[in-house]
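Here the structure comes first, spelled out in structure tokens, and everything after it is commentary.
Residue indices begin at 1 and follow the sequence shown.
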Amino acid sequence: MNRRPTLLAAITLTAAAALTLSACGGDSDSKDKPNDKIAGADTGKEKSASPTASASTAADRPKIELPSDLTYTFEWKKTGDKEKDAVLSDSEQFIKAVDLAIAEQDALHKAYRFYSEGEAAAGSEQFIQEFVKYKDRITGAKRYYGSKVKVNDDGTAGFVYCEDQNKAYNKSLKTGKINVTAKSKDNYVLYNSRLRVNDQGVWITEKLTSQRGSAACQS
């Protein structure tokens with residue numbers, strides 16, 4: 001039996017009841033697609049570069065340097081709204097920070113803990129620990145798309161997005177062997193997160209849910 005960690009063992013935490021974001025797309029009859037829409041959500045199909053440059057520079061952010069064989073495509077278009085674009089940018093850094101912790105085999109890595117707290121941080125630690133246990137890390141290419149973000153007046157935000165893991169694989173740190181897996185619908189993951197802005201102006205992920213094999217992410 002293969003007990004190795006899987007990319008699909010994504011962080012799964014209690015859903016934030018306040019989030020009413022629509023899914024990333026797909027068939028309107030899909031059970032994966034919520035009925036609620038968010039006012040002001042970006043629904044255009046055009047792609048653009050990741051909004052990293054819009055992130056706040058006031059905070060003392062951790063440096064994130066990942067292995068050269070792990071690449072990302074963020075098809076999260078800029079909204080033109082400073083706060084929404086900061087949510088996108090800080091969420092991108094959180095994703096990369098978790099992968100950095102896996103690469104460096106540190107389940108308490110300061111980088112992901114900089115961008116997360118509470119349930120999201122606890123779930124990340126458990127996820128990373130599985131890779132540490134088996135001495136694996138992630139290699140290949142990961143794609144993120146279908147972003148929808150809503151910033152609330154109380155300093156919180158809701159964020160929904162999709163991930164395509166079909167070209168991302170586990171790599172053994174002991175042998176260097178890459179576990180290449182076949183393309184599967186289960187490699188499409190829908191994420192729903194709740195964030196809040198802290199005193200440094202950083203958008204911290206507090207809660208995160210994931211749904212593998214989401215039809216909403218396969219359109």
Side-chain angles (χ1 to χ4, degrees), residues 1-16 19 59-72 74 89-144 159-182 184 186-196 198 200 202-214 217:
M1 180 182 294
N2 181 10
R3 295 181 180 273
R4 306 189 73 81
T6 170
L7 295 176
L8 295 176
I11 308 159
T12 304
L13 301 169
T14 304
L19 296 185
D60 185 15
R61 296 172 180 273
K63 190 173 184 178
I64 298 177
E65 292 183 341
L66 289 151
S68 59
D69 61 356
L70 177 58
T71 62
Y72 301 80
F74 287 93
S89 181
D90 288 342
S91 295
E92 174 182 330
Q93 295 306 305
F94 173 47
I95 289 168
K96 290 182 176 180
V98 170
D99 289 345
L100 176 63
I102 291 171
E104 296 188 354
Q105 299 283 280
D106 183 358
L108 294 175
H109 201 289
K110 66 179 182 180
Y112 84 82
R113 292 166 66 194
F114 180 88
Y115 289 103
S116 65
E117 289 182 356
E119 293 179 10
S124 296
E125 180 183 347
Q126 293 174 9
F127 178 56
I128 296 162
Q129 187 59 48
E130 284 299 302
F131 285 85
V132 174
K133 178 180 179 180
Y134 290 99
K135 291 182 169 48
D136 280 1
R137 70 169 176 85
I138 302 170
T139 186
K142 301 171 76 175
R143 182 172 72 96
Y144 295 87
F159 183 36
V160 167
Y161 59 95
C162 292
E163 178 187 18
D164 179 354
Q165 301 177 343
N166 279 296
K167 296 181 179 180
Y169 314 104
N170 283 11
K171 180 177 181 178
S172 171
L173 294 174
K174 292 181 178 179
T175 66
K177 182 179 179 180
I178 298 174
N179 182 26
V180 178
T181 53
S184 167
D186 286 338
N187 288 333
Y188 295 96
V189 187
L190 175 66
Y191 294 92
N192 192 333
S193 63
R194 179 181 175 87
L195 305 92
R196 69 170 180 82
N198 66 13
Q200 294 178 295
V202 179
W203 284 94
I204 304 296
T205 299
E206 294 184 308
K207 294 187 178 183
L208 180 66
T209 63
S210 65
Q211 180 183 8
R212 72 182 69 181
S214 172
C217 294

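Residues E163 and K142 are paired through a salt bridge, judged by an N-O separation under 4.0 Å between the basic side chain and the carboxylate. With salt bridges taken as basic N to acidic carboxylate O contacts below 4.0 Å, none links R113 and E125. Ion pairing between K171 and D69 holds under the 4.0 Å rule for side-chain N and carboxylate O.
Taking every heavy atom of both residues into account, A111 and A97 meet most closely at C-CB, 3.6 Å. Residue I102 comes nearest to I138 through the heavy atom pair CD1-CD1, 3.9 Å, listed as atom of the first residue, atom of the second, then distance. The two residues V189 and D186 have their closest heavy-atom pair at CG2-O, 4.4 Å. Listed here is the closest heavy atom pair of V132 and A107: CG2-N, 4.4 Å. When all heavy atoms of N179 and Y169 are compared, the pair lying nearest together is O-CB, 3.5 Å. Across every non-hydrogen atom of C162 and L190, the tightest pair is SG-CD1, 4.1 Å.
A donor-acceptor contact shorter than 3.5 Å links the side chain of S193 to the backbone of F159. At least one donor-acceptor pair under 3.5 Å links the side chain of N166 to the backbone N or O of S184.
Distance check: N170 CG to D136 CG gives 5.0 Å after rounding to the nearest 0.5 Å. Between atom NZ of residue K207 and atom CZ of residue R196 there is a gap of 12.5 Å, rounded to the nearest 0.5 Å. Once rounded to the nearest 0.5 Å, the distance linking CD of Q165 with CG of N187 reads 6.0 Å. Here the CD atom belonging to Q129 is positioned 11.0 Å from the OH atom belonging to Y134, to the nearest 0.5 angstrom.
Side-chain contact of Y115 with R61: a donor-acceptor pair under 3.5 Å is present, judged by distance alone.
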Please step through side-chain contact (heavy atoms from CB on, under 4.5 Å) for the pair Y188 and S214, ending with a clear verdict.
CA-CA 6 Å; Y188 295 96; S214 172; 5.6 Å; no
After noting the C-alpha distance and the side-chain angles of N192 and T209, does the key distance pass the side-chain contact (heavy atoms from CB on, under 4.5 Å) rule?
CA-CA 5 Å; N192 192 333; T209 63; 3.3 Å; yes
Take Y72 and D99 through the test side-chain hydrogen bond (donor to acceptor under 3.5 Å, both in side chains) and record every step on the way to the result.
CA-CA 11 Å; Y72 301 80; D99 289 345; 2.7 Å; yes
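Proximity of L173 to R137: side-chain heavy atoms (C-beta onward) are separated by under 4.5 Å at one or more points. Looking only at side-chain heavy atoms (C-beta outward), L195 and D90 stay at 4.5 Å or farther from each other. Proximity of V98 to F127: side-chain heavy atoms (C-beta onward) are separated by under 4.5 Å at one or more points. E206 places none of its side-chain heavy atoms less than 4.5 Å from the side chain of E119. The shortest side-chain heavy-atom distance between I128 and H109 does not fall under the 4.5 Å cut-off.
A tilted orientation is assigned to the rings of Y144 and Y161, their planes being inclined by 30° to 60°.
Between Y112 and F114, the ring center distance fails the sub-6.0 Å criterion.
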